[in-house]
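Treat the numbers as computed from the prediction; the structure is a model and nothing was measured. Order of the sequence lines sets the chain letters (A, B, ...), proteins ahead of strands, with each chain counted from 1.
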Protein chains: 2
Amino acid sequence: MSGRPKIFDDQEVIGKATELFWRQGYEATSTEDLLAAMGIGKGSFYLAFKGGKKELYEKVLEQFNEKAITRSKKELAASKDPIEFIRNFFRSIVTSPKKIHQKGCFFGNAIAELSNTDILLMRKAANHLKELEELFHDALTIAQKNGQLKNQQDPALLARTLLSNWNGLGITRRIYPDNEILSELIEMQLKILE
Amino acid sequence: MSGRPKIFDDQEVIGKATELFWRQGYEATSTEDLLAAMGIGKGSFYLAFKGGKKELYEKVLEQFNEKAITRSKKELAASKDPIEFIRNFFRSIVTSPKKIHQKGCFFGNAIAELSNTDILLMRKAANHLKELEELFHDALTIAQKNGQLKNQQDPALLARTLLSNWNGLGITRRIYPDNEILSELIEMQLKILE
DNA sequence: AATGTTTTGTACTAAATGGTAAAGAACATA
DNA sequence: TATGTTCTTTACCATTTAGTACAAAACATT
């Protein structure tokens with residue numbers, strides 16, 4: 001019932017594939033590239049991911065979201081000031097290593113690349129970003145209730161604006177890979193939270 | 001001195017290639033796709049564009065920028081109210097046909113896809129977006145001088161913020177392909193111009 | 001009509017790519 | 001040790017793709 005043992009862990013190789021997809025995008029990444037990065041052979045790969053590259057990409061999106069969202073939710077829950085949580089979220093662009101943040105937003109990249117070639121994958125990425133918007137929304141409603149946010153505009157609209165700002169920074173930070181400029185820009189965007 | 005006549009015009013076929021690149025992105029578009037769209041054969045193609053797909057893409061970026069920027073500069077010059085020009089620029093997202101605007105910002109897409117695989121092409125797209133930022137900057141300084149803009153913050157920072165908002169909308173409009181939602185979002189972003 | 005020039009069309013090559021198939025390796029259980 | 005099961009490895013195939021080469025076509029000039 002239990003044959004030859006697997007030499008790899010699914011979630012682990014999905015994580016390794018993430019880096020490639022994030023840096024090169026979906027189309028520019030070949031299955032052979034992925035195999036090399038994951039350290040497994042074709043046979044194992046197509047057995048574990050019968051849908052090939054596409055199925056792998058879906059799982060990469062899923063895992064990425066899982067990791068990012070659960071961590072952020074914990075951070076928000078642990079935070080005394082939901083507004084400060086949002087600020088830190090945006091400021092992480094300039095505090096995180098350049099190598100990472102220069103790749104932009106993984107989901108934003110996916111939408112940009114795939115919205116006209118693979119609607120299914122694009123929609124998956126879009127839904128994950130909606131979860132981020134929801135997180136903003138949660139933080140804002142809490143803050144308004146606690147009197148930690150003067151701005152009394154519709155939290156749904158505010159959250160959506162934050163998401164769009166986030167999407168923008170995913171592109172702009174590659175036009176201006178300069179922490180000074182980005183910081184100034186981010187603080188400008190964050191004025192909406194005053 | 002003048003051999004067999006060309007059956008196509010360079011700028012014209014560059015225009016035809018634009019649509020494909022814009023919709024599918026760089027990697028997902030094969031040279032054969034392009035040949036079909038441009039309506040020419042391999043021989044002609046590689047004679048006119050010795051650098052192949054990459055050279056064609058560069059020229060597509062260039063032509064796109066040329067068209068968009070010159071048109072916008074004229075619009076700004078013809079406008080009595082520079083702020084209204086900017087507003088219209090953003091509102092064009094909801095007024096233009098869905099088929100077009102759902103492809104997002106061509107330059108933004110290029111940056112998202114190519115920033116880690118082809119720095120040269122990415123930088124070209126980035127520079128074109130900087131020209132757009134310059135246009136915003138021009139409009140803002142004129143408006144401030146004319147007293148048409150109460151907001152007295154640094155026009156350079158305002159222009160950069162507008163650019164980033166634009167980049168964001170290029171992604172967000174595909175997450176929310178709904179004119180009501182987009183309109184609300186755009187008006188929110190434009191409050192910076194009050 | 002002959003010549004020179006530029007473009008076109010097609011045939012071809014070489015490499016990359018996605019995916020399948022089958023043999024055997026590594027386990028658990030009986 | 002024999003058997004059944006699952007995973008791995010490698011070989012293989014078919015297709016797509018980028019790019020080149022070359023003969024012929026379509027002009028202008030002489």
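- Looking at B:E187 and B:R87, no side-chain N of the basic residue comes within less than 4.0 Å of a carboxylate O on the acidic one, giving no salt bridge.
- Look at B:T31 and you won't find any side-chain N or O under 4.0 angstrom from OP1 or OP2 of D:dT17.
- Looking at heavy-atom distances under 4.0 Å, A:F8 makes contact with sugar-phosphate atoms alone, never a base.
- In this structure, NZ of B:K6 is placed 13 Å from P of C:dT6, rounded to the nearest angstrom.
- Atom P of nucleotide D:dT20 and atom CZ of B:F49 are separated by 16 Å, given to the nearest angstrom.
- In this structure, B:E27 and A:Y26 have side chains that are not in contact, with every pair of non-hydrogen atoms separated by 4.5 Å or more.
- In this structure, the side chains of A:E133 and A:L129 stay at 4.5 Å or more apart for every pair of heavy atoms.
- Interface remark: the B:K42 side chain does not form any donor-acceptor pair with the C:dG9 base, using a distance-only criterion of under 3.5 Å.
- Between the CD atom of B:E32 and the P atom of C:dT17 there is a distance of 16 Å, given to the nearest Å.
- B:S2 has no side-chain polar atom (N or O) that falls below the 4.0 Å cut-off from OP1 or OP2 of D:dC27.
- Side-chain atoms of A:K53 and base atoms of C:dG18 include no donor and acceptor less than 3.5 Å apart.
- In terms of position on DNA chain C, the residue among A:R4 and B:G43 whose nearest nucleotide sits closer to the 5' end is B:G43.
- A cation-pi arrangement is absent between B:K54 and B:Y57, since the terminal nitrogen or guanidinium carbon is not both under 6.0 Å from the aromatic centre and inside a 45° cone about the axis.
- B:I40 places its CD1 atom 9 Å from the P atom of C:dG9, with the value rounded to the nearest Å.
- For the helix from C:dA1-D:dT30 to C:dA30-D:dT1, the rotation axes defined at the first and last 5 base pairs enclose an angle of 0°, given to the nearest 10°.
- Atom pair B:L47:CG and D:dA21:P shows a separation of 14 Å (rounding to whole Å applied).
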>> Between A:F64 and A:F107, does the ring-ring contact (aromatic ring centres under 6.0 Å, His included) criterion hold? Intermediate values first, please.
In response: CA-CA 9 Å; A:F64 193 95; A:F107 295 140; 5.4 Å; yes
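- When the C1' atom of C:dG18 is taken as reference, atom CG of A:L34 falls 12 Å away, rounded to whole Å.
- Between B:E55 and B:K59, at least one side-chain N (NZ, or NE/NH1/NH2) sits under 4.0 Å from a carboxylate O, which counts as a salt bridge.
- By the 6.0 Å and 45° rule, B:K6 stacks over the aromatic ring of B:F8.
- Rounded to whole angstrom, the span from the CD atom of B:E55 across to the P atom of D:dG19 amounts to 11 Å.
- When the P atom of C:dA22 is taken as reference, atom OH of A:Y46 falls 18 Å away, rounded to whole Å.
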